[in-house]
Amino acid sequence: QQWHAEAVAAAVAAKPQPLAEGSLARRFQLHGSSWSDPLAGLHQMHDTHVVQATAQAATQPIYTATSPFTQLLNDEERYLENLLRHTERFQQSMTSELDNRWEAFSATTESMRTPRVVKGYSYYTRTKGSTTLDCRKPVLSDKTLGKEQIIIDRASLPNIVGSSISQLTTTKISPGHDRVGLLMDVQGDESFGLYVMDIDTGSLVEVVDNVRDFEWLQDGEGVVCLQADENHWPCRVVSHRLGSSRHHDTLLLEETDNRFAVSISKTKDEEYIVLYSMSKTATEVHVVPTKDQTCQPKAQLLRPKQDALCFVEHHRGTFVMVSNANGAGNFEVVGVPAEATNGAPEANSAGIVSHREHVQIIDMEIFADAAVLLTKECTQGRNGIEIVHFDTDSTLMQVPLPEDCEIGIVEFGTNPDPGASSCQVLVSTPRGEANLSINLESCSMDHFQSNFDENISIQRHTVLSKDGEQIPLTVAQDPRYVSSNPPLLVNVYGAYGVSCEPGFDVVSAALMERGWAVAWAHVRGGNERGYQWHQQGRGVGKHRSADDLEACIRFLHSKEFSPKRTALVAASAGALAAGQVINRAPSLAVAVILRVPFVDTLTAMSNPELFLTNHETDEWGDVVNDQVAFEALQRCCPYHNIKPQAYPPTLLWTSVSDNRVPCWQVLKYARRLRDALPMGSHGPVAVAVFEGPHGLGTFPPHELAAQDMAFLFESLGLPLE
C-alpha cells in the first residue's frame, strides 16, 4: 500500500460503520430475473429525511437537519477528513497554485479574444483579483473606444440580490442596451431565477422566479422564459412583460412528455426565438417572432416531432436547419423558406450542405453571405472548418487549420455581427488556447494568436478494441519533466454522443509539470468519430465503452506506463465505463476518482418514477419494457457487478443537492465497494460530499481539484509537492 501509515490508522478509526445487516435489503424482479440489492433502502432513508426536514424547516437547507441519512453523510466526511488530514498543507498550496495558474491563463486568453461589438458598444470581460468583471466601452465616432463602464462586478452581486450565489450561468444585454438579465441559482439546487438589472444605476429592476433560460423580445420590455417543473425539468415556455404579474404571462409551449426537454435560443439576426422540444433522438421546433407588437407573441410550429435532431437559424427569410433527418446521421444543412414551413419543412427544403459519411457537422455560424461549419472527420476525430457561400452553388471550401489545432476543443468565439467579414474561432488544447480569425471571402486564416506551450507533446494513437474497432487515444506530456516510469492519468466519458476532447485545464498543466502524462480515451458512446460512434456505444452496445477503455489502458501499459502508476478519472455517465473496467480488472489502476458517478444505472433505469428515467431510455435502453435492454444493462452496471476482490483506492464525489445522480446512489456504491474488499483491507473507498449542482462534478472548483490531487499522489506513493 502507498498510503501514509498514520493517515490509514486515523481513517480506519473513523471508518463508517457497517449498516445493520439486512435492514436496507430489497428484492427486485423484472423480466423473469430476480436480484437482491443489500442497500436499496438508502433511497427510502434519503427520501424520508427530505420529507421530514422540509416539513420541519421549509426555509432551511434540508441537509442541516439531523437524521440517520445525514449521519451517514457526516460519517463519510469525517472519514475522508481523517484520511487526508496530513495533506492539508499540500491541498492549500495546490489550491493557491491552481488559482494563480487560472488567473495567468485567463489574462492571456482575455487579451487574445475579440471584444463583442454590438450597436455602438464593445463588450468584454476581465478579471480583477479573484473576481470577474463584465464591462463595456462605447465606440466613438472616430472608431476609438470611450471610458470603461463596469456592468457586473460579480463579487458585489450577493449584496445586490441579498443572497449568496451558487451559480451565474448566463448574462444577456437587452436590445436597448440599458438592462442586463442574469440567470442565477441562489439556492444551490439548480432553482434558477432571472435577475434584471439597470446598467447605469446597477440597481435590481425585477426578479423573475423559476427561469432556466431566457431571451429578450425586441422592445426590451418582454422576455421569453424557459420554466421547469418541481423536478427542475425544463418543460414550459412563457412570455413575460417586465413589471407585470406572473399571472399575466402568456403560455407559448408546454411539453407533457418527459422524454423531451425544452430549450430556447435566438437566431443571430434576432428575428426569431426558437423553442426546441428535444429527446435524445427526436425534435419538435416552434418559432416566436421577436418584433411582435401585440405584447402577446404566439409560437408557430416549424417542425413537428420527428425521430431526428434539428437546430435552426434564420437568414433573409429562410430558416437554415442543421438536421440528421432521413438517414443523415452526421448532419446536413438545408434551407426552408419561412413562408413555406407549415409544419412540414422537409417538403419545401433545399439542400445547402449534403450529408457525408466521413465528416460530421458539429456547429454552424451564420453570416450575411456565408455559413461557417465546424466539423470533425470520422476516422481520427480531427477538427476542421468549412465555409459555404449562399450566392454560389453550395460549394464547400476547406479552411486549412494549423496542425496544433486539429486535436482539441473547437468552438465559435464572439461573432455577434451577421455582416462581419471574418469569423472568430477558439481552440483549446492541452498546450493552451488559440484565437483564429477566418476570412469569409478568401476562406483562409487572417489571424492566429495563441498562448500555446510548445513544450507540451500531444500524440494521437489508434488502439484496437476487443472487436477490432480502432479507438482514438490522445496522450499529452511535457518532456521537460518526464522521467522513467511516469505517473499516468486516464480520462474517459463515452455517453450521450458527447466527445471527451483534450482541452486546456490547470489541473492537467500542474500534473504535467510534475512529470505526469494525461490521456483521453475516445471510447464509443461519445462523438469523436461521428454519429455511428455514439450509436455503437449506447443501449445494448453500452459494454463497448468499457471494452474500448480497457483496450486503451492496456495499450498504454504496453508502452512506457505502469499499472502501479496509473489513475483513472471519470464523471457522471462516464463512470459507467470506468466502473465496468475496475470490476473486470481492478489491477489496471491504483487510484480511481469518480465524480458524481452514475454507477447504479440498473436501479435508476428500472424505476420510471425517477424523473430522468424516461428521458434517458434512448441512451441506456428501455429497461422496463425491453428484456434485451434489461439484460445488457444488468451485465454492465458497475454497482450490481461489484464482487469480492481487492479494488484500487477510490474517491467518489456526491452533492447533497444533485437531482441527476442523487447522493443516495453514490453512498450505495461506496458502501458496497467497501463491503467487497478483502478482510483487513482499508481500500480506501472515500466519499467527498459537497454542496452545489451536478455540474460541479464535471468542472470542479480548485479546492476540490486539489483534494483530488492529494488523493492521487497518496495512492501512487508520490511526494506531496
Side-chain angles (χ1 to χ4, degrees), residues 309 322 324 327-333 353-364 372-388 395-411 425 427-431 434 436 443 457-476 490-503 518-538 541-556 558-559 574 577:
L309 301 180
V322 180
N324 65 357
N330 286 330
F331 293 94
E332 63 182 359
V333 182
V353 179
S354 301
H355 174 256
R356 292 162 289 172
E357 291 294 337
H358 64 287
V359 176
Q360 184 174 43
I361 298 172
I362 303 299
D363 202 356
M364 176 182 70
V372 181
L373 306 178
L374 301 183
T375 64
K376 191 172 290 291
E377 62 87 23
C378 299
T379 303
Q380 276 283 318
R382 295 183 182 273
N383 301 315
I385 300 177
E386 300 174 339
I387 297 177
V388 57
T395 300
L396 273 174
M397 303 297 293
Q398 305 288 330
V399 178
L401 271 180
E403 188 176 349
D404 275 358
C405 298
E406 290 183 350
I407 295 175
I409 300 169
V410 178
E411 58 188 9
V425 176
V427 181
S428 177
T429 84
R431 291 190 175 106
L436 288 63
C443 301
S457 165
I458 303 175
Q459 294 182 315
R460 177 62 63 89
H461 302 280
T462 299
V463 179
L464 287 182
S465 191
K466 187 177 181 179
D467 59 359
E469 185 60 86
Q470 296 183 339
I471 315 303
L473 171 68
T474 304
V475 181
V490 181
N491 295 270
V492 69
Y493 191 68
Y496 303 120
V498 175
S499 296
C500 179
E501 297 289 3
V518 182
W520 292 262
H522 307 296
V523 304
R524 281 172 285 186
N527 194 48
E528 289 87 341
R529 291 187 57 191
Y531 174 76
Q532 288 301 326
W533 206 242
H534 176 217
Q535 297 303 300
Q536 291 181 46
R538 72 179 181 97
K542 207 69 209 160
H543 64 91
R544 295 191 181 102
S545 303
D547 293 345
D548 299 348
L549 174 60
E550 183 176 351
C552 287
I553 296 175
R554 292 190 184 280
F555 171 84
L556 291 166
S558 73
K559 302 300 181 182

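Small disclaimer: the values here were computed from a predicted structure and weren't measured.
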- Task: State whether a side-chain donor-acceptor pair under 3.5 Å links Ser545 with Arg524.
- Result: no
- Is there a side-chain contact between Glu411 and Asp363 (heavy atoms, below 4.5 Å)? no
- Closest approach of Ala551 and Ser465, non-hydrogen atoms and distance? CB-CA, 3.9 Å
- Message: For Cys552 versus Ile471, what's the shortest heavy-atom pair and its separation?
- Response: SG-CG2, 3.8 Å
- Please step through side-chain contact (heavy atoms from CB on, under 4.5 Å) for the pair Leu436 and Val410, ending with a clear verdict. CA-CA 10 Å; Leu436 288 63; Val410 178; over 6 Å; no
- About how many Å separate CG of Leu464 and CD of Glu469, when rounded to the nearest 0.5 Å? 9.0 Å
- Is Thr474 close to Ile458 at the side-chain level, that is, under 4.5 Å between some pair of heavy atoms? yes
- Task: Please confirm whether the backbone N or O of Asn383 pairs with a side-chain atom of Lys376, one donor and one acceptor, at under 3.5 Å?
- Result: no
- Message: Between Asp547 and Asp467, does the side-chain contact (heavy atoms from CB on, under 4.5 Å) criterion hold? Intermediate values first, please.
- Response: CA-CA 9 Å; Asp547 293 345; Asp467 59 359; over 6 Å; no
- Message: Can a donor-acceptor pair be found, under 3.5 Å and without considering hydrogens, that links the side chain of Glu528 to the backbone of Cys500?
- Response: yes
- Out of Gln360, Glu501, His522, which one pairs with Asn527 under the side-chain hydrogen bond (donor to acceptor under 3.5 Å, both in side chains) rule? Gln360
- Message: Please report the interatomic distance OH(Tyr496) to CZ(Arg538), rounded to the nearest 0.5 Å.
- Response: 12.0 Å
- Item | Student check: side-chain heavy atoms of Val425 and Val399 closer than 4.5 Å | no
- Message: Let me confirm one number: the CD1-CG distance from Ile362 to Asn330, rounded to the nearest 0.5 Å.
- Response: 8.5 Å
- Can you name the salt bridge (charged side-chain N to carboxylate O under 4.0 Å, His left out) partners of Arg356, sequence neighbours left out? Glu386
- Item | Closest non-hydrogen atom pair between Asn324 and Phe331, with its separation | N-CD2, 3.5 Å
- Do you know which two heavy atoms are closest between Thr375 and Ile385, and how far apart they sit? OG1-N, 4.1 Å
- Note on the structure: What one should report as the nearest heavy-atom pair of Ala521 and Leu549 is CB-CD1, 4.0 Å
- Item | Interatomic spacing from CZ in Arg460 to CZ in Arg382 - rounded to 0.5 Å | 6.0 Å
- Task: Drop me the distance from Ser499's OG to Arg529's CZ, to the nearest 0.5 angstrom.
- Result: 12.0 Å
- Message: The criterion is ring pair (Phe, Tyr, Trp, His ring centres under 6.0 Å); which residues satisfy it with Tyr531, sequence neighbours excluded?
- Response: none
- Query: Rounded to the nearest 0.5 Å, how far apart are NZ of Lys466 and CG of Asp548?
  - Reply: 11.0 Å
- Do Thr462 and Phe555 have side chains that get closer than 4.5 Å, going by heavy atoms? no
- Residue pair Ala519 / Leu556: nearest heavy atoms and the distance that separates them: CB-CD1, 4.1 Å
